[in-house]
Amino acid sequence: MYYNVFGEKVSKRRYKEMLEAAKNRRELIAAGLTSRRDLLRMGLLTAGGMLVAKSGLSARAQTGTNVNGVSVKTNNPASAANNTSPGTNQNCVPGNQLASPPTTPFVTALPIIPLARTVSSLTPTPTEDPNTAAGEVRAAPFQAPLIDATRFPVVPATLYQFNQRQFTTSLMSPNLPPQTLWGFDDGTGPRSPGPTYQAFYGKPQLTRNINSLPSITQSNNTGFGMASVSTHLHNAHNPSESDGNPCDFYPAGHFCDQYYPNVLAGFNSTNAPNGDINESLSTLWYHDHRIDFTSQNTYKGLAGFYCLFNQFDTGDETTGFHLPSFPQFDIPLMFNDKVFDPGTGQLVFDLFNLDGILGDKFLVNGVIQPFLVVSPRRYRFRLLDTGPSRFYEFFLTGGVGTTSPTTNPFWLIGTDGNLIPAPVQINSVRIGPAERVDVIIDFTNLAGQTVYLENRLNQINGQGPVAVDSQLFAQNEPVSTECTQVLGQTTPAIRPAGKGDLILQFQVTGPKVADHSLSPSKQKFYSLPTTTDTPRIVRTFKFDRLNGQWSINGQFMDCNTFRFTVQQNSVEHWLLTNLTGDWTHPVHIHLEEHQILSRNRAAPTVPADKGRKDVTQLHPNERVELFFRFRDWLGKYPIHCHNVVHEDHAMMAIWHVQPQGDNILVP
Ligand SMILES: [Cu+2]
């Protein structure tokens with residue numbers, strides 16, 4: 001008798017082991033353990049950061065355990081002695097996680113996330129300096145009004161007030177009990193995903209983010225989450241004090257006014273006064289970024305979209321680039337994977353898994369495997385992977401359930417929310433945590449049919465996909481022989497059509513409606529900015545493991561240390577290296593976008609690597625060189641892994657921008 005766990009067959013004995021392990025971990029969670037600092041305090045982490053070898057604490061499968069009758073081996077002696085240490089060749093070892101109760105797919109319609117509601121005023125009125133007397137926690141005065149108070153008034157015309165609140169929802173699945181989540185309330189009630197911002201270049205705006213979460217007590221503790229927040233607007237070219245820095249968190253009862261200038265990069269430097277149109281951003285998102293708790297707080301619901309428009313990407317298909325109209329035919333899709341307790345049906349989060357957390361339930365906009373009725377015409381979809389740790393390779397699959405499912409092509413138009421120079425027709429696209437892709441799907445010739453957004457990427461633990469090194473985005477990735485040895489079965493990196501995770505069902509049964517959007521085959525967007533300027537400095541960052549946690553250049557995250565100083569309005573190259581394990585790290589850098597100059601000294605080859613990026617996947621045995629132009633704003637920003645479990649354990653570093661930079665080559 002076998003149990004199906006994350007798509008893998010495990011024995012009854014192994015399954016009982018996993019349940020026992022999860023129960024042990026839940027008891028510790030109920031005892032109030034919340035962060036790696038608590039683990040350290042309670043003697044469950046060694047001073048070096050290693051989880052103590054206690055049965056059931058490790059999220060890693062037991063060394064020597066049989067999986068499908070084949071002994072799981074690791075190549076790391078340290079791992080054999082204490083299997084909580086990340087090792088090599090472990091992307092084939094199923095995680096020590098629960099299997100959720102069964103749910104019926106495709107019975108709930110995809111929620112279309114409502115647009116955020118503005119308010120006419122805020123009380124008290126926003127102030128240039130942090131209003132500490134009223135309970136505001138902000139690191140510094142607003143920078144934008146100091147540069148140009150006419151363009152950037154302290155109180156801009158567009159204002160939002162978001163309360164972060166706890167709420168319950170029954171929307172995830174009719175087969176699960178109501179779930180306790182954290183969400184954003186713009187005045188219409190708390191929700192997760194939070195309301196979608198519709199923002200415009202040239203229209204500055206301000207959001208008052210109020211922490212109205214309940215403090216965690218024994219009675220309301222759902223097992224994870226820290227009621228202390230810092231809301232980051234991912235990929236915005238924003239001043240540091242409004243960026244949502246991980247170290248600028250605040251407790252319940254406090255707020256932060258975050259000023260979003262919605263201005264193009266270069267406005268106060270290379271391309272004054274309006275910035276570089278070729279660096280227009282479009283699909284951004286916001287999420288909690290509280291140091292040590294980003295994974296728990298985002299998993300609990302604190303995330304939403306921020307769509308930014310301009311005179312070309314207008315949101316109106318009769319103008320500009322003629323992209324499908326927002327929001328009717330231009331639909332943000334937030335993907336995440338979650339686990340539910342098989343006994344209670346409640347959402348669970350494994351605090352003791354430092355490798356990365358996978359769920360066996362796939363959600364889109366807060367619902368497990370929803371359906372969407374579409375009309376036979378073109379749609380723009382903005383796909384966002386909020387993790388915590390899963391990578392996807394999305395295909396558009398038809399004929400599911402027949403002997404020959406079909407793979408339907410679609411168009412890639414944007415990477416990390418940035419329109420690429422021209423659409424590229426693709427059969428699939430891969431994204432990792434925090435990455436976005438914008439795509440056009442033309443349903444015209446699929447009228448009457450049912451097709452699926454299907455993830456065919458094979459990933460069985462938080463380490464990263466089961467894939468041969470550097471075989472990025474290949475359509476026919478070779479079988480991972482390593483994993484075939486471990487699992488005792490054929491383990492393809494990409495599963496066959498119809499055999500992957502069917503995540504979103506499109507029913508092409510909507511009425512025939514007019515389509516004024518332009519065919520992607522005829523579209524042209526922005527040019528890529530040049531990357532030929534000589535860098536002031538080339539810095540090297542080694543992404544590595546250290547005593548069971550995660551490090552950058554041999555150090556853990558520390559809010560009290562600026563690891564290096566970037567010179568304002570300068571060019572730098574950053575060399576990211578990942579040479580000591582089989583881990584994939586999606587690396588995110590705040591403030592400025594980057595372009596990938598090379599992977600292992602070769603120019604990027606796949607479409608998703610050629611555009612402007614704010615997250616770059618760093619695969620095993622890779623050195624990736626990035627081009628940066630740091631402009632306009634001053635202050636502190638992080639570089640971190642966006643596998644948010646790695647980030648919280650403590651793969652992040654804080655740097656800052658100052659008028660005078662330093663010359664630290666290996667920060
Ligand atoms: Cu990582």
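Being a predicted model, the structure only gives us computed values, none of them experimental. Each ligand, and each atom within it, is numbered from 1 in the order the structure gives.
- Scanning for ring pair (Phe, Tyr, Trp, His ring centres under 6.0 Å) contacts around Phe628 gives Trp574, His594, Phe630, with sequence neighbours left out.
- Neighbouring protein atoms of the Cu ion (ligand 1) (N, O or S, distance under 2.8 Å, waters ignored): His585 ND1, Cys641 SG, His646 ND1.
- A search for side chain to side chain contact (heavy atoms under 4.5 Å, CB included) contacts involving Ser570 returns Arg536, Val566, Gln567, Glu572, not counting sequence neighbours.
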> His289 and Asp248: side-chain contact (heavy atoms from CB on, under 4.5 Å), yes or no, with the steps?
Replying inline: CA-CA 9 Å; His289 210 324; Asp248 294 347; over 6 Å; no

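- Tyr306 is linked by a ring pair (Phe, Tyr, Trp, His ring centres under 6.0 Å) to Tyr197, Tyr260, counting only residues two or more places apart in sequence or in another chain.
- Of all heavy-atom pairs between Arg290 and Asn297, the closest is CB-ND2, 4.1 Å.
- In summary, the side chains of Gln617 and His585 do not present any donor paired with an acceptor at a separation below 3.5 Å, with no hydrogens or angles considered.
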